[in-house]
Amino acid sequence: MPPKDLSLPFPLSKQTLAALLKACSSQPLQLKKIHALVLTSGLSVKNSLITQLLTNLVTLGDTQYARKLFDEMHKPRIFLWNTLIRGYAKNDMPMESVSLYAKMSALGVRPDGFTFPFVVKASTELPESWAALTIHAHVVKYGLEYNAMVRNELMIMYVKFGDMGLADYLFETMTERDLVAWNSFIAACVQMGYASKALALFHQMGLARIKPDAVTTVSALSACGQLGCLNIGNKIYESAVNDGMESNIIVENARLDMCMKCGSTHVARTLFDEMRLRNVVSWSTMILGYAVNGKSEEALALFSRMQNEGPKPNYVTYLGVLSACSHARLVSQGRAYFSHIVDSNDQNVRPRREHYSCMVDLLGRSGHVEEAYSFILGMPTEPDAGVWGALLGACAIHKNIKVGQVAADKLFELAADIASYHVLLSNMYASAGRWDYVDKVRLRMRKKCIKKVAAYSSIEFNSEVHVFYSGDNSHPQSSSIYQKLEDLYMQIRSLGYISEVGSVHHDVEMEEKEAMLRVHSEKLAAAFGLINVEPESPIRVMKNLRTCDDCHNFFKFISRVSMREIIMRDKSRFHHFRNGTCSCKDFW
DNA sequence: ATAGGGTTAG
């Protein structure tokens, strides 16, 4: 037990002070009192005691006090530099970590193999890559580029800065490519959205006869969720269970998420009910999964059960709750949940910017654009691009050009180079028929070299992901896909389907608009699905952007004529089509 | 004395 009272009689021996340090290693206040004792002790071993103290402080996260001790020391040893650089890196202060390294370098202190893992990791967290690149040069200069851990961090660094070529090179030329190296590479790819690359690596790993562990499995499942490949994911999970990973809660949660991201809410629920242990991530995953699948009742029911018998909700849980309200247009309930978190005494669930974005989305898309705008003006923190983006999205739907222009102005101050905001603005003008403004936005995009993200859709079949772009002819089954589309059009026109040319945001002739709509990527993917997917399975189409009114309508019709369940995941939510209707009730 | 990889949200 740590002693309660440190006002002890002097003088204290080195042994006593060391013992005190050890006993108080988890109590920052006591450590500071010990610091005072050390300073007045007059012991010759002061430096080793301070070293010990500084290490403890860093472990506890008090980098500020640790830095104070550090700055008071005369010529600190490399170990202390490393300790503090590590402390900053681990306490989410990458800039401090990197600048301490810069200082060390300027003073001519030679870094060692322990310095670089921390500082490379910290430099990866910075928004600009130049510090990281400089540090890579230092790694080479000091001959540490084949140190396994340093190289591992460098590889992660290049994935995060988007240089997959160099990341691959560093991975291929590793001297010892152990399980952690594979896992690092795969995880970094998943986190940066290179899901296909991650699965390719996972496959390669199998060929190299390296057995995946729980960490690999979690990343692989996450990749499957991103890609929407339910079958591959299930196979990966099965073999993980064979290797004894079924009771790992993170693996279980990753599987829940994978099911939810593939639109398999029922399966996810069964798994959830069968879990022996569920933590806040399990509950939040379910609530969020229900929310994006448009099952708001299930989401809110589960949340209320969580409040009764589950773990304490955190801010992610509340994002799920608000998102459930938003996707189902539950305006007053959303407002009530929001004031609940505003009034909460729990610092953990205090509303963050993401909650505000969610509320703006809820208010705005449900038609309360002005209220959404004043809601932003009343925010206690500076609104970010996410918040203004939600408002602009609502303005595009409701053709509110006045507010939309305000949002767009803010967005171009905060995030001028994000294509999707320019596209939203242009679509807003287009749907209001203001083609003069549409041209202005397009011109500005061209001037700034901002490229629209190309729309594509994908569908998993036979353990492969088939990708389609708009008007794509590259698929081997291309001709039968287009034939299938023609057949479908024949069938659904007789049932009253008419193209929604309002979905085309180009100022062209009617016929041309229809021609553009006919080959939208999600339609190609759906036709491929109808040809290939076994009749008893639903057809799951994933799209990287939001779907348009015409495709949505088209999917409703084809679900009716084909008598198939069609699940479409777009950028923001799921649409479950069955017998001519969609689960979103045409609100999205 | 110090060291690399994992789930929800963005």
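The shown structure was predicted, so the numbers you read here are calculated from the model rather than taken from an experiment. Naming: A, B, ... by sequence-line order, numbering from 1 per chain. Worth knowing before you read on, the calculation uses all heavy atoms, side chains too, and leaves out hydrogens, waters and symmetry mates.
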Describe, in one word, how the ring planes of A:Tyr356 and A:Phe338 are oriented to each other, choosing from parallel (under 30°), tilted (30 to 60°) and perpendicular (over 60°).
perpendicular

Looking for any heavy atom pair under 4.0 Å, which part of the strands does [X] touch: base, sugar-phosphate only, or nothing?
X        : answer
A:Ala214 : base
A:Tyr315 : base
A:Glu176 : nothing
A:Thr51  : base
A:Asp178 : base
A:Gly320 : nothing
A:Ser284 : base
A:Asn82  : base
A:Val190 : nothing

Tell me if the aromatic rings of A:Tyr318 and A:Tyr337 count as close, with their centers under 6.0 Å from one another.
no

Quick check: A:Phe202 with A:Trp182 (ring centres under 6.0 Å apart)?
no

What is the distance, to the nearest angstrom, from the [atom1] atom on [X] to the [atom2] atom on [N]?
X        : N      : atom1 : atom2 : value
A:Glu252 : B:dG6  : CD    : P     : 19 Å
A:Leu54  : B:dT2  : CG    : P     : 15 Å
A:Asp213 : B:dG6  : CG    : P     : 11 Å
A:Leu414 : B:dG10 : CG    : P     : 18 Å
A:Met192 : B:dG6  : CE    : C1'   : 17 Å
A:Phe303 : B:dT8  : CZ    : P     : 20 Å
A:Asn348 : B:dT8  : CG    : P     : 18 Å
A:His355 : B:dT8  : NE2   : P     : 16 Å

Nearest to the side chain of [X], which nucleotide is it out of [options]?
X        : options             : result
A:Lys121 : B:dG4, B:dA3, B:dG6 : B:dG4
A:Ile250 : B:dG6, B:dG4, B:dA3 : B:dG6
A:Leu288 : B:dA3, B:dA9, B:dG6 : B:dA9
A:Ala148 : B:dA3, B:dT8, B:dG4 : B:dG4
A:Phe114 : B:dA3, B:dT8, B:dT7 : B:dA3
A:Val215 : B:dT2, B:dG6, B:dT7 : B:dG6

Is [X] near enough to [N] that one of its side-chain N or O atoms lies under 4.0 angstrom from OP1 or OP2?
X        : N      : value
A:Arg86  : B:dA3  : yes
A:Lys571 : B:dG10 : no
A:Lys90  : B:dG4  : yes
A:Gln191 : B:dG6  : yes

Under 3.5 Å, is there a donor-acceptor pair linking the side chains of A:Asn56 and A:Thr59?
no

Side chains of A:Thr285 and A:Asp257: any donor to acceptor distance under 3.5 Å?
no

Short N-O contact, [X] and [Y], less than 4.0 angstrom:
X        : Y        : answer
A:Lys68  : A:Asp62  : no
A:Arg305 : A:Glu309 : yes
A:Asp346 : A:Arg350 : no

List in numerical order all residues of residues 152-163 of chain A for which some heavy atom is under 4.0 Å away from an atom belonging to DNA chain B.
A:Asn152, A:Glu153

Given 3.5 Å as the limit, does a donor-acceptor pair link the side chain of A:Asn234 with the main chain of A:Tyr237, or not?
no

